[in-house]
Number of protein chains: 2
Amino acid sequence: MSQSLMQLALDQANEAYEAGEVPVGAVIVNDQGEVIAAARNRVIELKDATAHAEILAIRAGGEKLGSERLTDCDLYVTLEPCTMCAGAISFARLRRVYFGCSDPKGGGVDHGACFFQQATCHHRPEVYGGISEVEAAEMLKRFFKEKRD
Amino acid sequence: MSQSLMQLALDQANEAYEAGEVPVGAVIVNDQGEVIAAARNRVIELKDATAHAEILAIRAGGEKLGSERLTDCDLYVTLEPCTMCAGAISFARLRRVYFGCSDPKGGGVDHGACFFQQATCHHRPEVYGGISEVEAAEMLKRFFKEKRD
């Protein structure tokens, strides 16, 4: 686990925040620790309900590696992936997922569908949560508070 | 429910078959029954693990309508959506899902995660399965048999 890679994901989340998008960022690294993709939430900008940080990073990673399978690659993401993204992570064969704060309302890894624990999940990454979770959670809380105010 | 719209989805699935992709096709229509997006599985072609027919149709529909929310739109898809696609369908606020054959091994609607039944699912479409299921299933069976032979 690399704190500096989670910082890169947090930088992406901050860019989303500045752009008025739900602040979530993601980075994918290969087994040499080289960044092959970095992305942030762009749902509103792209008018695309699927444009979560993880999905955009997986798509960029596939383009970079020339394969839909990101074998031996790891994902850093500031928020627990939702069910859609958990499915995408499994299809992309990502090796490990490091995430920031938990998402009891919308998470699909440790909550709700708990997708990686389902018999219909055919590739299970290793998962490590709680990485830089205070910073990741604070940014999300600030974003939603400003939305309400 | 329109049989001819499912036929359009089957035509898309057939194009996927001819291209060597898992034969699944999808169509999205607005509440006037006008087709706003049609797509097929392109995972291998696009080197993109997320390039399922439903995801590509949702992205194209958002572009067409200028919004990430496809409110009052319906999806026709030849196979029970997987967990990733079920998540995307919910985020896109699709009104109804008509699908062809069931997918006990990889489905995320009636199997495994059963995403629309989770408390973490915040928009539930109406779902109708078994539309043109024999034709949809036969194409998939033929595809996987040829893969094995």
Side-chain angles (χ1 to χ4, degrees), chain A residues 21-22 28 41-52 54-71 73 80-94 103-123, chain B residues 21-22 28 41-52 54-71 73 80-94 103-123:
Chain A
E21 302 265 5
V22 177
I28 296 175
N41 196 359
R42 289 183 190 265
V43 167
I44 296 165
E45 175 193 341
L46 299 180
K47 304 173 198 327
D48 176 359
T50 76
H52 285 194
E54 301 94 313
I55 299 283
L56 296 180
I58 286 168
R59 286 171 54 200
E63 201 174 343
K64 174 93 171 182
L65 298 187
S67 167
E68 75 278 12
R69 297 197 177 185
L70 308 178
T71 315
C73 291
E80 177 188 345
C82 74
T83 305
M84 172 180 75
C85 291
I89 286 163
S90 176
F91 286 132
R93 306 289 199 278
L94 284 160
D103 186 2
K105 284 186 189 162
V109 174
D110 290 339
H111 298 92
C114 295
F115 178 59
F116 300 140
Q117 295 168 43
Q118 299 290 345
T120 50
C121 174
H122 306 298
H123 167 85
Chain B
E21 302 265 6
V22 177
I28 296 174
N41 195 359
R42 290 184 189 264
V43 168
I44 296 164
E45 175 193 340
L46 299 179
K47 306 174 196 327
D48 176 0
T50 76
H52 285 194
E54 300 95 313
I55 300 282
L56 296 180
I58 287 168
R59 286 170 52 199
E63 202 174 342
K64 175 93 171 179
L65 298 187
S67 168
E68 75 277 13
R69 296 195 178 186
L70 309 178
T71 315
C73 291
E80 177 189 345
C82 74
T83 305
M84 171 179 75
C85 291
I89 287 163
S90 177
F91 286 131
R93 305 290 199 277
L94 284 160
D103 185 4
K105 285 186 188 163
V109 175
D110 291 339
H111 298 92
C114 295
F115 179 58
F116 301 140
Q117 295 167 44
Q118 299 290 344
T120 50
C121 174
H122 306 298
H123 167 83

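A note on names: the letters A, B, ... follow the listed sequences, proteins ahead of strands, and every chain is numbered from 1. The analysis underlying the following values was restricted to heavy atoms, covering all of them including side chains, and did not include hydrogens, waters or symmetry mates.
Here the CD-OG1 distance, from A:E80 to B:T120, works out to 9.0 Å after rounding to the nearest 0.5 Å. Here B:K47 contributes atom NZ and A:L70 contributes atom CG; the two are 12.5 Å apart, rounded to the nearest 0.5 Å. Separation of atoms CD1 (A:I55) and CZ (B:R59) is listed at 9.5 Å; rounding is to 0.5 Å.
The contact list for residues 87-94 of chain B toward chain A, using heavy atoms and a distance under 4.5 Å, reads B:G87, B:A88, B:F91, B:A92 by residue number.
The shortest non-hydrogen separation linking A:K105 to B:H122 is O-NE2, 2.7 Å.
Proximity to chain B (any heavy atom under 4.5 Å) is restricted, for A:S67, to the backbone atoms N, CA, C and O. Using a 4.5 Å cut-off between heavy atoms, A:E68 contacts chain B through both its backbone and its side chain.
The choice from B:G66, B:G107, B:A86, B:A51 that makes the most heavy-atom pairs within less than 4.5 Å of chain A is B:G66. Each of A:C121, A:G112, A:C114, A:C82 has some count of heavy-atom pairs under 4.5 Å with chain B, and the biggest count is that of A:G112. The greatest number of non-hydrogen atom pairs below 4.5 Å with chain A, out of B:Q117, B:H111, B:H52, is found for B:H52. Counting heavy-atom pairs closer than 4.5 Å to chain B, the top-ranked of the candidates A:L46, A:T50, A:I44, A:I58 is A:T50.
Residues A:D48 and B:E63 form no side-chain contact, since every pair of their non-hydrogen atoms from C-beta on lies 4.5 Å or further apart.
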